[in-house]
There are 2 protein chains.
Amino acid sequence: MPYTYTHPRPALTVDCIIFGYDHRLDEADLKILLIERDIEPFRGKWALPGGFVRMEETLEAAAKRELREETGLSNVYLEQLYTFGTPERDPRGRVISVSYFALVNLRSEELAAGTDARSAQWFSFKDMPALAFDHKTIIETAVERLRGKVRYQPIGFELLPDKFTLTELQTLYETVLETSLDKRNFRKKIESYELLRDTGETQRGKAHRAARLYTFDHKRYKQLEKYGFLFEI
Amino acid sequence: MPYTYTHPRPALTVDCIIFGYDHRLDEADLKILLIERDIEPFRGKWALPGGFVRMEETLEAAAKRELREETGLSNVYLEQLYTFGTPERDPRGRVISVSYFALVNLRSEELAAGTDARSAQWFSFKDMPALAFDHKTIIETAVERLRGKVRYQPIGFELLPDKFTLTELQTLYETVLETSLDKRNFRKKIESYELLRDTGETQRGKAHRAARLYTFDHKRYKQLEKYGFLFEI
DNA sequence: GGAATGAAGTGTAAAAATCACACTAATTCT
DNA sequence: AGAATTAGTGTGATTTTTACACTTCATTCC
């Protein structure tokens with residue numbers, strides 16, 4: 001059944017930039033989740049998970065649905081990034097893409113096996129394959145936003161598992177910000193925010209002194225946020 | 001001539017949040033440019049300038065065109081804000097709005113008389129009339145973004161005329177951030193960035209000591225920006 | 001033209017935050 | 001038992017931020 005309008009309309013899509021991080025890897029690196037396209041255009045090329053928005057769903061719901069359908073990921077907190085809409089960005093005609101991004105811990109998020117997710121894969125953002133559409137630009141925009149944001153909001157924790165060590169946290173920041181940080185000063189600063197709770201547990205199975213495990217106190221952060229609390233790394 | 005598609009498509013609009021500021025007013029206040037709608041829906045209600053995107057123009061070009069057509073304003077630097085797309089936001093059906101915002105000096109921007117701009121008017125953002133669609137939400141989002149942004153990027157200058165005094169600049173920051181700032185500390189900080197050029201001129205026609213007039217050195221800022229220069233008020 | 005007005009313009013000392021820097025402690029492996 | 005490896009900790013120097021009050025000068029008013 002065709003749909004007819006008095007004026008031409010662009011098509012509307014959403015795309016998801018999912019940042020993943022594996023704290024266990026020696027060569028810690030930010031990763032991005034891509035899927036291999038199995039239809040034209042750009043068949044066989046890698047692309048961001050995403051697709052067309054349905055008429056009755058919100059933009060964010062569309063992004064969540066496409067993400068789940070294409071990669072098996074669900075329950076991620078998506079945040080709107082930017083809307084891309086140059087007339088030439090899609091060879092099929094005018095297509096507007098509203099992009100969303102999210103941070104996940106790579107080890108705790110298994111890519112569901114039974115679905116379309118066969119073709120979903122993590123890529124180090126330093127070593128991207130050729131991408132469909134303008135997805136390279138979209139990813140660059142997302143990385144910029146992540147770098148800007150991670151310094152002023154405690155969102156880095158979302159990339160780590162529930163329990164993590166201070167060294168893991170520091171390495172994460174060093175990876176995302178591409179700098180090195182002083183261990184003592186970093187710990188002092190993190191401690192000063194009083195956002196971490198010592199679980200009492202320690203890391204096990206390492207061939208060296210076991211590190212304390214901490215969790216991020218989301219409730220406390222929400223409280224502090226209301227009163228103009230400022231976080232900064 | 002009708003346009004037909006195999007799947008339904010939402011309509012696509014742009015909306016502009018134009019912040020204006022008049023440094024000469026005693027009760028300095030942020031203003032927002034609104035137009036009175038002369039067609040349904042919401043006929044007679046105030047709304048953000050904006051309208052439908054044409055198939056061959058970029059989103060930003062559409063925003064600029066609508067802004068010019070409806071208010072006479074041109075040559076403003078628009079920055080994309082957010083995309084609003086809940087299914088119920090427009091009674092005519094599914095309409096997505098990509099919003100853009102800009103800062104202008106209210107005195108130097110005359111609202112062109114000959115155009116549709118008859119119905120364009122500045123409103124203090126503390127005293128908004130009832131607004132069409134979800135434009136209240138859009139404005140709230142824009143104000144939040146402006147407050148966040150003005151502290152870390154020297155965009156406040158766009159709200160002032162080309163030549164301004166340090167007191168005018170301070171009052172502007174106090175207005176936008178809704179705080180009061182120490183005069184000496186403010187001046188020290190501004191001076192430390194070396195982004196202002198003393199024009200050698202002074203303010204005239206005031207019943208008190210004349211203040212020095214400064215201009216913002218855009219070129220220098222662009223240079224510094226490349227090398228990771230950080231601005232903060 | 002002298003006095004009153006009112007904002008412009010200026011410095012310093014105390015407090016806080018940031019930075020640079022190196023050793024001991026705990027655990028595992030052999 | 002000892003080697004290997006990362007965890008964990010404190011201090012002093014430097015820089016940045018903060019709090020605070022008087023003099024200067026162009027205009028206006030008498």
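Small disclaimer: the values here were computed from a predicted structure and weren't measured. Numbered from 1 within each chain, the chains take letters A, B, ... in sequence-line order.
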(request) Would you please classify the geometry between the W46(B) ring and the F123(B) ring as parallel, tilted or perpendicular, with 30° and 60° separating the classes? (result) perpendicular
Rounding to a whole Å, what distance do you find between [X]:[atom1] and [N]:[atom2]?
X       : N       : atom1 : atom2 : value
D198(A) : dA7(D)  : CG    : P     : 15 Å
E191(A) : dA7(D)  : CD    : P     : 17 Å
I233(A) : dA17(C) : CD1   : P     : 15 Å
L181(B) : dA19(D) : CG    : C1'   : 14 Å
R187(B) : dA7(C)  : CZ    : C1'   : 9 Å
L230(A) : dT17(D) : CG    : C1'   : 15 Å
F186(B) : dT16(D) : CZ    : C1'   : 17 Å

(request) For the residue pair E140(A) and F125(A), establish whether any side-chain heavy-atom pair is separated by less than 4.5 Å. (result) no
(request) Please determine if E36(A) and K45(A) form a salt bridge, counting it only when a charged side-chain N lies under 4.0 Å from a carboxylate O. (result) no
(message) So which atom in Y173(B) and which in V150(B) form the shortest heavy-atom distance, rounded to 0.1 Å?
(response) CE2-O, 3.6 Å
(request) Provide the closest heavy-atom pair for A47(A) versus L131(A) in the form atom of the first, atom of the second, distance. (result) N-CD2, 4.4 Å
(request) Kindly calculate the angle separating the two end axes of the helix from dG1(C)-dC30(D) to dT30(C)-dA1(D), each obtained from five base pairs, and round it to 10 degrees. (result) 10°
(message) Heavy atoms within less than 4.0 Å of DNA chain D: which residues of residues 157-166 of chain A have one? Give them sorted by number.
(response) none
(request) For nucleotides 21-30 of chain C, just jot down a letter per nucleotide in 5' to 3' order: B, S or -, based on protein non-hydrogen atoms under 4.0 Å. (result) BB--BBBSS-
(message) For Y193(B) and Y221(B): C-alpha separation, side-chain torsions, deciding distance, then whether ring-ring contact (aromatic ring centres under 6.0 Å, His included) applies.
(response) CA-CA 9 Å; Y193(B) 294 130; Y221(B) 175 61; 9.7 Å; no
(message) So if I apply the side-chain contact (heavy atoms from CB on, under 4.5 Å) rule between H23(B) and each of T171(B), L172(B), N105(B), which one comes out positive?
(response) N105(B)
(message) Out of the candidates K183(B), K189(B), K188(B), only one should pair with N185(B) under the side chain to side chain donor-acceptor pair (under 3.5 Å) rule; please name it.
(response) K188(B)
(request) Supply the atom-to-atom distance F19(B) CZ to L106(B) CG, rounded to the nearest 0.5 angstrom. (result) 13.0 Å
(message) Counting only heavy atoms from other residues, nucleotides and ligands, does the tally under 6.0 Å from CZ of R147(B) exceed 12?
(response) yes
(message) Under a plain distance cut-off of 3.5 Å, with no hydrogens placed, do D15(A) and S97(A) share a side-chain donor-acceptor pair?
(response) yes
